[in-house]
Participant: 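Sending over a structure as structure tokens; questions will come in a sec.
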Amino acid sequence: MLMPKRMKHRKWHKGRASGKRLATQKTRLAFGDYGMKAMTESWVTSRQIEAARRAMTRFVNRKGQTWIRIFPDHPITFHGNENTMGSGKGAVDHYVAVVRAGTIMFEIGGVTEQEAREAFRLAAHKMPMKTKFISKAR
């Protein structure tokens with residue numbers, strides 16, 4: 001699974017998802033011919049990214065090339081049950097990628113549009129948000 005090699009700060013603040021903030025980066029196709037775009041904002045865990053990657057590569061039988069445009073670098077801590085208040089912040093449990101609406105999460109090239117559409121449909125089932133298929137032609 002994806003995770004940072006090292007970090008300047010081990011534990012981060014949670015941050016707030018503020019309704020209508022759209023992505024300003026990663027909004028256009030840069031590598032492949034087809035892409036999967038997030039239509040709503042969400043946290044995407046490293047497990048979800050890996051599950052989507054596996055679903056795509058299995059469907060296209062390892063043809064073409066796949067690019068992952070998001071990286072889980074935000075640590076999420078978990079304190080555990082039955083701990084009293086005032087005993088500090090919990091240990092880092094997993095990492096998430098903060099994805100805003102309009103971000104292109106995956107790209108694929110070297111396959112037909114039909115194959116790419118089906119691969120992204122399978123990957124979209126693993127994602128916690130609504131997604132959209134995009135292509136360079138549009």
Participant: What I want to find out is whether Arg53 reaches Glu50 closely enough, with some N-O distance under 4.0 Å, to be called a salt bridge.
Facilitator: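 Yes, this pair counts.
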Participant: So which atom in Pro4 and which in Pro72 form the shortest heavy-atom distance, rounded to 0.1 Å?
Facilitator: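 For Pro4 versus Pro72, the nearest heavy atoms are CD-O, 3.5 Å.
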Participant: Would you say Met36 ends up clustered with Met129 if hydrophobic residues are merged whenever their side chains have heavy atoms under 4.5 Å apart, either directly or through other cluster members?
Facilitator: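 Same cluster: Met129 reaches Met36 through Ile, Leu, Val, Met, Phe, Trp or Tyr contacts under 4.5 Å.
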Participant: Under 4.5 Å between side-chain heavy atoms, counting indirect links through other Ile/Leu/Val/Met/Phe/Trp/Tyr residues: same cluster for Tyr95 and Trp12 or not?
Facilitator: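 Yes.
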Participant: Once salt bridge (Lys or Arg N to Asp or Glu O under 4.0 Å) is applied, what residue pairs with a partner in residues 59-88 remain, sequence neighbours excluded?
Facilitator: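 Salt bridge (Lys or Arg N to Asp or Glu O under 4.0 Å) check on residues 59-88 returns Lys63-Glu115, Arg69-Glu107.
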Participant: Decide yes or no for Val44 and Pro128: does some side-chain heavy atom of the first lie under 4.5 Å from some side-chain heavy atom of the second?
Facilitator: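 Of all side-chain heavy-atom pairs linking Pro128 with Val44, at least one is under 4.5 Å.
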Participant: When you measure from the side chain of Asn83 to the backbone N and O of His79, does any donor-acceptor pair fall under 3.5 Å?
Facilitator: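 At least one qualifying donor-acceptor pair exists.
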Participant: Please lay out, stage by stage, how Val60 and Glu118 fare under the test side-chain contact (heavy atoms from CB on, under 4.5 Å).
Facilitator: CA-CA 9 Å; Val60 297; Glu118 181 62 19; over 6 Å; no
Participant: Just wondering, do Ile49 and Leu2 contact through their side chains at under 4.5 Å, heavy atoms?
Facilitator: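 Sidechains of Ile49 and Leu2: in contact.
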Participant: Heavy-atom distance under 4.5 Å between the side chains of Pro75 and His94, does that happen here?
Facilitator: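 Heavy-atom side-chain distance check fails, nothing below 4.5 Å.
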Participant: Which residue, Ile70, Val99, Thr27, Ile134, forms the side chain to side chain contact (heavy atoms under 4.5 Å, CB included) with Ile104?
Facilitator: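 Of the listed residues Ile70, Val99, Thr27, Ile134, the side chain to side chain contact (heavy atoms under 4.5 Å, CB included) partner of Ile104 is Ile134.
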Participant: Please work out whether the ring planes of Tyr34 and Phe133 are parallel, tilted or perpendicular, with thresholds of 30° and 60°.
Facilitator: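 Correct class here is parallel.
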Participant: Take Phe120 and Ile108 through the side-chain contact (heavy atoms from CB on, under 4.5 Å) test and state the conclusion after the steps.
Facilitator: CA-CA 9 Å; Phe120 285 137; Ile108 197 166; 3.6 Å; yes
Participant: Could you give the distance from CG (Leu22) to CE (Met39), rounded to the nearest 0.5 Å?
Facilitator: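 Going from CG on Leu22 over to CE on Met39, the span is 9.5 Å.
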Participant: For Val92 and Lys11, what are the C-alpha separation, side-chain angles and deciding distance, and is it a side-chain contact (heavy atoms from CB on, under 4.5 Å)?
Facilitator: CA-CA 7 Å; Val92 173; Lys11 298 176 183 178; 4.2 Å; yes
Participant: Look at the side-chain heavy atoms of Ile, Leu, Val, Met, Phe, Trp and Tyr, link any pair under 4.5 Å apart, and say whether Met56 and Ile68 land in one connected group.
Facilitator: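 Both belong to a single hydrophobic cluster.
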Participant: Go through the steps for Asp93 and Ile76 under the test side-chain contact (heavy atoms from CB on, under 4.5 Å), then give the verdict.
Facilitator: CA-CA 6 Å; Asp93 186 47; Ile76 303 300; 5.6 Å; no
Participant: Decide if atom NZ of Lys14 counts as having more than 12 heavy atoms of other residues, nucleotides or ligands within a radius under 6.0 Å.
Facilitator: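 No - once you tally the heavy atoms of other residues, nucleotides and ligands closer than 6.0 Å, there are 12 at most.
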Participant: To the nearest 0.5 Å, how far apart are NZ in Lys130 and CD in Glu41?
Facilitator: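 Here the rounded value is 13.5 Å.
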Participant: Determine whether Met105 and Met127 make a side-chain contact, defined as any pair of heavy atoms from C-beta on separated by less than 4.5 Å.
Facilitator: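 Yes - at least one pair of side-chain heavy atoms lies under 4.5 Å apart.
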Participant: Working to the nearest 0.5 Å, report the span between CD of Glu113 and NZ of Lys136.
Facilitator: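 With rounding to 0.5 Å, CD (Glu113) is 14.0 Å from NZ (Lys136).
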Participant: For Ala116 and Val111, work out which heavy atoms get closest and say how close.
Facilitator: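 Minimum heavy-atom contact is CB-CG2, 4.0 Å.
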Participant: Atom CZ in Arg117, atom OG in Ser135: separation rounded to 0.5 Å?
Facilitator: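 Answer rounded to 0.5 Å: 7.0 Å.
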Participant: Is atom NE2 of His125 surrounded by more than 12 heavy atoms (other residues, nucleotides or ligands) closer than 6.0 Å?
Facilitator: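 Counting neighbours around NE2 of His125, more than 12 heavy atoms of other residues, nucleotides or ligands fall under 6.0 Å, so yes.
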Participant: For the hydrophobic clusters of this structure (ILVMFWY residues joined by side-chain heavy atoms under 4.5 Å, transitively), does one cluster hold both Phe106 and Trp43?
Facilitator: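 Unlinked, Phe106 and Trp43 end up in two clusters.
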